[in-house]
Amino acid sequence: MFKIASWNVNSLRVRLPHVLDWLNTAQPDVLALQETKVTDEDFPIMDFQEIGYHAVFSGQKTYNGVATISKSPSSTVSTKLPGLDDPQKRVLATNHDDILVLNLYVPNGNAVGTEKYEYKLDWLSHLIDYTRSLVTEYPNCILLGDFNIAPTDDDVHDPAEWEGKILCSEKERAAFNDLILTGLTDCFRLFSGHTVNYSWWDYRTAAFRRNRGLRIDHILATSTLSSGCKKCWIDIDPRRLERPSDHTPVVAEFT
DNA sequence: ATGGTAGTTCAACTA
């Protein structure tokens, strides 16, 4: 059994106690973190080592930053998208036995039509090209992270309110679909009857209390892996804690 | 149509 999870923690410094508690309880083999907002020299390696986990990371000050925590030591394959010269730390590819794990913090995009939106679409285009080569080289691939895209209206609390807006626009959804078409499966949608359907609730407007959420954090796997996916769910518990991240973990188990 | 909260950093940016 291989258990993997993704969690945008919105500052690892602030959320470290939540993350350590969650690791101790959930005991995943791999946890992909996004928005660590910590430089590599300041990364709290020891806190993870003390509870039996290794860590690799690609971080920066103030914004972005990704880290992949794992029970077995892993090696970094890449920290960038080929062909994209980008100072923003949003990508971390690592090897875990025979599985290539690509931890992603996709740009938010701010609003449709803005410069940040164009950056997001360009970033996604480079991700799709990179994924096409990865799935060729590695039969067992898992892409996971904060994709900042709700793939369909089923992933949105109020589709009418969000229609055409950032995280839900046609071009973002088309890019997500193109990514899937490289040979990936959205593991969450292998199963029906989920009790928790969203992975992110805006801090503003009391969105969590009213369950006004979106499913924008995903675990995507190549067919050799997804055919052995036994469970995939969103763990709402960390979102209920004091001073939570605005995201909560998405988890998958494979045979 | 605007602003609401949170994190980093200390005025303003990102989300």
(Q) OP1 or OP2 of B:dG7 versus the side-chain N and O atoms of A:Arg243: is any pair under 4.0 Å? (A) yes
Q. Can the ring centres of A:Phe188 and A:His194 be said to be less than 6.0 Å apart?
A. yes
Q | Stretch residues 149-157 of chain A: residues that reach within less than 4.0 Å of DNA chain B through a heavy atom | A | none
Q) Any idea which of B:dT8, B:dG7, B:dA15 is nearest the A:Asn64 side chain? A) B:dA15
N/O donor-acceptor pairs under 3.5 Å from side chains in residues 72-80 of chain A, not counting sequence neighbours:
unit_1, atom_1, unit_2, atom_2, d
A:Ser78, OG, A:Lys80, N, 3.2
A:Ser78, OG, A:Lys80, O, 3.0

(Q) Using whole Å, what does the distance between atom C1' of nucleotide B:dG7 and atom CD of A:Glu35 come to? (A) 9 Å
Q | Between B:dT8 (P) and A:Asp42 (CG): distance, integer Å | A | 12 Å
(Q) Tell me every residue that passes side chain to side chain contact (heavy atoms under 4.5 Å, CB included) with A:Asp153, counting only those two or more places apart in sequence or in another chain. (A) A:Pro159, A:Arg173
**Q.** Any residue meeting ring pair (Phe, Tyr, Trp, His ring centres under 6.0 Å) with A:Phe208, in chain and number order, not counting sequence neighbours
**A.** A:Trp201
**Q.** Pairs involving residues 13-22 of chain A, ordered by first then second residue, that meet side chain to side chain donor-acceptor pair (under 3.5 Å) (sequence neighbours left out)
**A.** A:Trp22-A:Asp235
Q. Roughly how far apart, to the nearest Å, are B:dT2 and B:dA6 at atom P?
A. 23 Å
Q: Only pairs at least two apart or in different chains count here, so list each ring pair (Phe, Tyr, Trp, His ring centres under 6.0 Å) that has a residue in residues 28-87 of chain A.
A: A:Phe43-A:Phe48, A:Phe43-A:Phe57
Q: Report the distance from atom NZ of A:Lys120 to atom C1' of B:dA15, rounded to the nearest whole Å.
A: 11 Å
**Q.** Atom pair distance, as rounded to whole Å: CG in A:Leu167 and C1' in B:dT14
**A.** 13 Å
**Q.** Rounded C1' spacing from B:dA15 to B:dG4 in Å
**A.** 13 Å
Q: Go through the structure and list residues passing side chain to side chain contact (heavy atoms under 4.5 Å, CB included) with A:Asp154, not counting sequence neighbours.
A: A:Thr152, A:Arg189
Q: Starting at atom CG of A:Asn8, determine the distance to atom C1' of B:dA6, rounded to an integer number of angstrom.
A: 12 Å
Q. Rounded to the nearest Å, what distance is computed from the NZ atom of residue A:Lys116 to the P atom of nucleotide B:dA12?
A. 15 Å
Q) Within a radius of less than 6.0 Å around NZ of A:Lys3, do more than 12 heavy atoms belonging to other residues, nucleotides or ligands occur? A) yes
Q | DNA chain B contacts among residues 198-214 of chain A, heavy-atom distance under 4.0 Å | A | A:Tyr203, A:Arg204, A:Thr205
Q) What pairs of residues pass the salt bridge (Lys or Arg N to Asp or Glu O under 4.0 Å) test when at least one of them lies in residues 241-255 of chain A, not counting sequence neighbours? A) none
Q: Select from A:Asp246 and A:Lys61 the residue whose nearest nucleotide in DNA chain B is closer to the 5' end of that strand.
A: A:Lys61
Q.
Rounded to whole Å, please give me the gap between OH in A:Tyr63 and P in B:dA12.
A. 12 Å
Q. Between A:Tyr105 and A:Thr62, which is nearer to the 5' end of DNA chain B once each is assigned its nearest nucleotide?
A. A:Thr62
Q: Using atom CG of A:Asn108 as one end and atom P of B:dG7 as the other, report the distance to the nearest whole Å.
A: 17 Å
